[in-house]
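Notes follow the structure.
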Amino acid sequence: MQRQELHDHYIKNLPSAETRYEIYDEEIRNLAIRIGARRKTFVLVTRFGANGKTVRRAIGTFPDTTTANARLRAKDWNVLQKEGVDPAVEENAKREAEALRLRSTFRLVMEDYIAYLPLRERNRSSDEDAAFIRANILNPARNFWLDNPISEITDDNVASLVESLKARGVLTTAYKTLKMLRTFFNWAMLPSRRKLIGLQHNPIRDLTPRLMGLRKRSRTRVFDYREIRAFLAAATATPPPYRHCFRALIETGQRIGEVSRMRWSYIDLEMKTWLIPGNTSKAEDDHTVPLSDAMIAMLVRLRAEQPYDQGDFVFSSSRGKYPLTNFSKKKDAFLEDFNASLPPGPRGEPPRRWTWHDVRRTVRTQLEPIVSRREVAEAAIGHSKAGMDRIYNHYSYRREVRKAFNAWSDLLKKIETGTLTIEDWEH
């Protein structure tokens with residue numbers, strides 16, 4: 001075994017050879033320079049594993065790696081070897097981790113998250129969430145750090161995006177953007193997932209809506225008598241199948257996503273019930289809706305009008321194969337009929353803006369005086385029980401809810417026909 005005090009000048013002058021040979025360093029006894037026909041390589045000669053087999057681990061090629069740098073790396077590798085770590089494996093793991101870090105950009109990981117959305121336990125808003133993410137978070141005109149490695153995203157990056165939305169006055173969008181990014185990073189931090197994308201920590205764990213001066217404004221908008229009458233008139237003027245969907249919306253007070261996805265297989269016409277599975281709604285548990293006589297009559301007529309090979313979705317423009325969508329676009333035409341049926345206010349002010357969810361809030365508000373029991377009104381629209389009631393009270397209030405919906409349906413008929421008196425309206 002030839003041994004020599006290695007230095008760059010000495011190695012530079014060593015002749016190449018068809019048959020490889022090695023010269024060991026005097027200072028670090030298991031460091032050697034291996035001379036071949038085309039290259040000169042620093043190697044560390046040591047033993048790993050239980051069998052104690054001697055192996056050579058390449059440190060670097062001369063002259064890209066100098067003798068001084070080779071000695072420094074050899075010292076580090078000898079420390080690892082004493083701890084039972086193979087330096088080559090360690091180096092390879094670091095290279096793979098770095099390649100993974102550079103490859104796992106925020107954009108690509110967010111695309112994986114969008115693909116995951118329909119697989120969530122409660123996924124009724126997956127399409128809407130995906131559209132919001134693409135419009136506000138994956139929008140290169142707004143987000144300059146889209147293609148950065150996700151491991152390099154900071155709270156300052158996210159704060160700048162949210163602040164830009166806030167500065168433009170779209171506070172609701174700013175709030176929702178921050179909430180969605182917080183949910184996204186919590187999803188990404190699953191141990192098995194964050195290892196795959198090279199994410200070490202959640203960069204926005206402490207970045208809250210409150211800290212950024214954002215808060216979700218609670219809507220209190222409900223329809224008055226004239227607006228309910230205008231809604232009913234606009235629904236009647238809407239062509240099927242949206243006409244029946246809008247009528248079911250105000251008859252039942254359920255969420256528009258749940259109404260639009262109503263399935264024949266979830267309706268029991270004999271028992272007059274409609275099942276909303278927990279995995280397709282915002283609620284955790286299944287919700288059985290007792291249907292009014294008017295709703296059952298509408299469904300029976302609708303079923304009779306549909307072809308024999310109608311698919312499972314009740315309200316559909318694809319013969320029951322897919323549920324109705326695009327309610328935001330449909331609302332434009334609906335509003336024309338709504339506003340045309342609505343008389344001007346006392347001071348001639350324009351109609352107030354409303355959302356589809358305001359219909360649900362209106363139904364809930366009107367059910368309260370009809371039944372005079374909060375728990376029944378809450379059960380009617382599928383709100384989960386809270387506190388000890390959730391544990392000990394499993395009564396469904398089905399009889400009381402059905403009675404309430406029949407009374408509400410009768411009230412709607414009187415509003416629609418113009419026979420409702422002030423006393424009726426004020427219950």
Side-chain angles (χ1 to χ4, degrees), residues 219-238 242-260 262 266-269 271-276 281-283 287-302 314-315 334 338 341-342 354-385 395-427:
R219 288 187 62 84
T220 58
R221 175 79 161 90
V222 293
F223 288 173
D224 61 22
Y225 163 78
R226 291 175 298 180
E227 289 172 324
I228 293 175
R229 185 174 60 189
F231 184 94
L232 294 170
T236 301
T238 303
Y242 284 93
R243 173 195 300 167
H244 305 106
C245 183
F246 295 150
R247 186 71 192 213
L249 182 68
I250 198 167
E251 289 275 357
T252 66
Q254 308 307 308
R255 299 175 181 89
I256 194 167
E258 296 162 353
V259 174
S260 65
M262 183 185 290
Y266 294 159
I267 295 173
D268 189 330
L269 293 175
M271 298 301 295
K272 300 182 179 181
T273 58
W274 163 35
L275 173 67
I276 303 177
S281 69
K282 188 176 180 180
H287 171 42
T288 299
V289 184
L291 298 175
S292 67
D293 294 339
M295 266 299 297
I296 291 296
M298 185 186 79
L299 290 171
V300 169
R301 288 195 305 271
L302 186 60
V314 176
F315 309 117
F334 189 91
F338 178 90
S341 303
L342 190 67
W354 56 270
T355 67
W356 294 118
H357 198 76
D358 295 338
V359 180
R360 172 174 167 83
R361 189 178 300 105
T362 297
V363 176
R364 169 61 181 84
T365 299
Q366 294 302 323
L367 288 176
E368 184 84 10
I370 288 175
V371 297
S372 300
R373 291 177 62 186
R374 181 180 183 278
E375 63 272 21
V376 176
E378 289 288 275
I381 63 170
H383 279 172
S384 299
K385 295 174 182 176
Y395 180 54
S396 65
Y397 301 102
R398 187 170 300 178
R399 179 174 61 86
E400 293 88 343
V401 169
R402 190 187 309 282
K403 184 177 179 180
F405 275 138
N406 275 320
W408 169 241
S409 183
D410 291 340
L411 199 68
L412 291 176
K413 289 177 184 176
K414 289 183 178 181
I415 293 175
E416 196 170 20
T417 57
T419 58
L420 186 75
T421 66
I422 293 298
E423 289 74 18
D424 291 332
W425 173 246
E426 293 178 348
H427 309 296

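These numbers come from the heavy atoms of this one structure, side chains and all, not from hydrogens, waters or symmetry mates.
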To the nearest 0.5 Å, atom NZ of K385 lies from atom CD of E375 at 9.0 Å

Could you check if a side-chain atom of F405 sits within less than 4.5 angstrom of a side-chain atom of V289, using non-hydrogen atoms only?
-> yes

If you take all heavy atoms of T365 and R361, which pair is closest and at what distance?
-> OG1-O, 2.8 Å

Begin with the C-alpha distance, continue with both residues' side-chain angles, and end with the deciding distance and a verdict on side-chain contact (heavy atoms from CB on, under 4.5 Å) for S409 and M295.
-> CA-CA 8 Å; S409 183; M295 266 299 297; over 6 Å; no

Nearest heavy-atom approach of I250 to W408 is O-NE1, 2.7 Å

Heavy-atom donor-acceptor pair, T273 side chain to T288 backbone, under 3.5 Å | no

Where R364 and A377 come nearest, the two heavy atoms and their spacing = NH1-CB, 3.4 Å

Check: W356 side chain, G257 main-chain N or O, donor-acceptor pair, under 3.5 Å | no

So do E258 and T252 actually touch side chain to side chain, heavy atoms under 4.5 Å?
-> no

Any donor and acceptor pair, going by atom type alone, linking the side chain of D293 with main-chain N or O of N406 inside 3.5 Å?
-> no

Any chance you could lay out the side-chain contact (heavy atoms from CB on, under 4.5 Å) test for E400 and V371, step after step, and finish with the verdict?
-> CA-CA 8 Å; E400 293 88 343; V371 297; 5.9 Å; no

To the nearest 0.5 Å, atom OG of S341 lies from atom CZ of R226 at 13.0 Å

Residues 403-415 vs salt bridge (charged side-chain N to carboxylate O under 4.0 Å, His left out), sequence neighbours excluded, gives K414-D424

Apply side-chain contact (heavy atoms from CB on, under 4.5 Å) to the pair Q366 and V222, showing each step before the final yes or no.
-> CA-CA 10 Å; Q366 294 302 323; V222 293; over 6 Å; no

With side chains defined as the heavy atoms from C-beta onward, is the minimum distance between R247 and L412 less than 4.5 Å?
-> yes

Do the side chain of R402 and the main chain of L291 share a donor and acceptor less than 3.5 angstrom apart?
-> yes

Report the residues that fulfil ring pair (Phe, Tyr, Trp, His ring centres under 6.0 Å) with F315, sequence neighbours left out, ordered by chain and then residue number.
-> none

Look at the rings of F334 and F338 and say which category their plane angle falls in: under 30° parallel, 30 to 60° tilted, over 60° perpendicular.
-> parallel

State, to 0.1 Å, how close A248 and M298 come at their nearest heavy-atom pair, and which atoms those are.
-> CB-CE, 4.2 Å

Considering only distance and modelled atom types, tabulate donor-acceptor pairs under 3.5 Å from the side chains of residues 227-234, sequence neighbours left out.
{"from": "E227", "atom 1": "OE1", "to": "R221", "atom 2": "NH1", "distance (Å)": "3.1"}
{"from": "E227", "atom 1": "OE1", "to": "D224", "atom 2": "N", "distance (Å)": "2.9"}
{"from": "E227", "atom 1": "OE2", "to": "R221", "atom 2": "NH1", "distance (Å)": "3.4"}
{"from": "E227", "atom 1": "OE2", "to": "R221", "atom 2": "NH2", "distance (Å)": "2.7"}

Indicate yes or no: at least one non-hydrogen side-chain atom of I276 is less than 4.5 angstrom from one of Y266.
-> no

Heavy-atom side-chain proximity of R219 to H357 below 4.5 angstrom = no

Would you indicate whether the side-chain heavy atoms of I296 and L269 approach each other to under 4.5 Å?
-> yes

Which heavy atom in A379 sits nearest to a heavy atom in H287, and how many Å separate them?
-> O-CE1, 3.2 Å

Over all heavy atoms of both residues, which pair between G253 and I381 is shortest? Give the atoms and the distance, please.
-> O-CG2, 3.8 Å

Before giving the answer on side-chain contact (heavy atoms from CB on, under 4.5 Å), spell out for Q254 and W274 the whole-Å C-alpha distance, their side-chain angles and the decisive distance to 0.1 Å.
-> CA-CA 11 Å; Q254 308 307 308; W274 163 35; 3.6 Å; yes

Taking everything shown except R373 itself, do over 12 heavy atoms lie less than 6.0 Å from its CZ?
-> yes

